[in-house]
Amino acid sequence: MSYKITSQCISCDRCRSVCPTGAIKITTDGHYWIDSNLCTNCVGAYSVSQCLAYCPTQDGCIPVPTDYWEWWFATHDRLIDKLTGTSQTDYWKRWFNLYSQKLSEQLSKRKQKVVSVEA
Ligand code: SF4
Ligand code: SF4
């Protein structure tokens with residue numbers, strides 16, 4: 001997982017002062033960006049990424065998952081947060097896990113039926 005500063009950034013400068021590696025930079029025209037060569041995801045310094053934790057906006061600093069499904073879950077969790085106005089952490093992951101569990105139960109039941117018919 002890496003992080004990206006978006007056009008929603010209000011240039012409050014909070015993230016820059018808390019970043020442990022100095023990875024947050026400002027362009028000459030005042031835009032904030034994260035140097036991926038310096039960003040360590042705060043591993044070893046903090047348990048949560050400081051830029052995300054300190055950002056006062058909803059989408060000024062966003063996680064950019066490197067894995068497709070991580071990206072999908074993060075994007076849709078943010079949409080659910082926006083729609084409901086609350087933080088629904090891991091909403092889609094929980095939905096997906098429940099759905100997979102129910103599907104496996106149904107497949108297992110169907111398999112048992114087939115086995116009993118064949119016997
Ligand atoms: S995740 Fe941590 S190291 Fe990376 S830019 Fe954000 S505050 Fe800096
Ligand atoms: S904390 Fe958020 S709004 Fe403030 S400068 Fe950093 S990215 Fe922009």
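Whatever order the structure lists ligands and atoms in, that order sets their numbers, starting from 1.
When each atom of ligand 1 is checked for a heavy atom of Thr21 under 4.0 Å away, the hits are 3 (S). Interface of Tyr3 with ligand 1, defined as ligand atoms under 4.0 Å from a residue heavy atom, comprises 1 (S). Per-residue contacts place Ser49 under 4.0 angstrom from the following atoms of ligand 1 (heavy atoms of the residue considered): 1 (S).
Taking 2.8 Å as the threshold, Cys39 does not count as a candidate ligand of atom 2 (Fe) of ligand 1, since none of its N, O or S atoms lies below it. Between atom 6 (Fe) of ligand 2 and Cys15 there is an N/O/S contact shorter than 2.8 Å.
With Thr6 contributing its side chain and Gln8 its backbone, the two residues share a donor-acceptor pair below 3.5 Å. Under the 3.5 Å distance criterion, the side-chain polar atoms of Thr57 are left unmatched by any main-chain donor or acceptor of Cys9. A donor-acceptor contact shorter than 3.5 Å is absent between the side chain of Asn41 and the backbone of Val43. The backbone N or O of Cys42 lies less than 3.5 Å from no partner atom in the side chain of Ser49, so there is not a single donor-acceptor pair. Under the 3.5 Å distance criterion, the side-chain polar atoms of His31 are left unmatched by any main-chain donor or acceptor of Thr27.
Among all protein heavy atoms, the one lying closest to atom 2 (Fe) of ligand 1 is Cys42 SG, 2.2 Å. Closest protein heavy atom to atom 3 (S) of ligand 2: Ile10 N, 3.4 Å. The nearest protein atom to atom 8 (Fe) of ligand 2, hydrogens excluded, is given as Cys9 SG, 2.3 Å; this is a heavy-atom distance. The nearest heavy-atom contact from the protein to atom 4 (Fe) of ligand 2 is Cys12 SG, 2.3 Å. Nearest protein heavy-atom neighbour of atom 5 (S) of ligand 2: Asp13 N, 3.3 Å.
In this structure, Arg16 and Asp13 have side chains that are in contact, with non-hydrogen atoms separated by less than 4.5 Å.
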Where do Tyr3 and Ile62 land on the side-chain contact (heavy atoms from CB on, under 4.5 Å) test, with the steps shown first? CA-CA 6 Å; Tyr3 295 88; Ile62 59 168; over 6 Å; no
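Surrounding OH of Tyr99 are at most 12 heavy atoms belonging to other residues, nucleotides or ligands under 6.0 Å away.
With a heavy-atom cut-off of 4.0 Å, Ile24 does not touch ligand 2 at all.
The closest approach between Cys51 and ligand 2 stays at or above 4.0 Å for every heavy atom of the residue.
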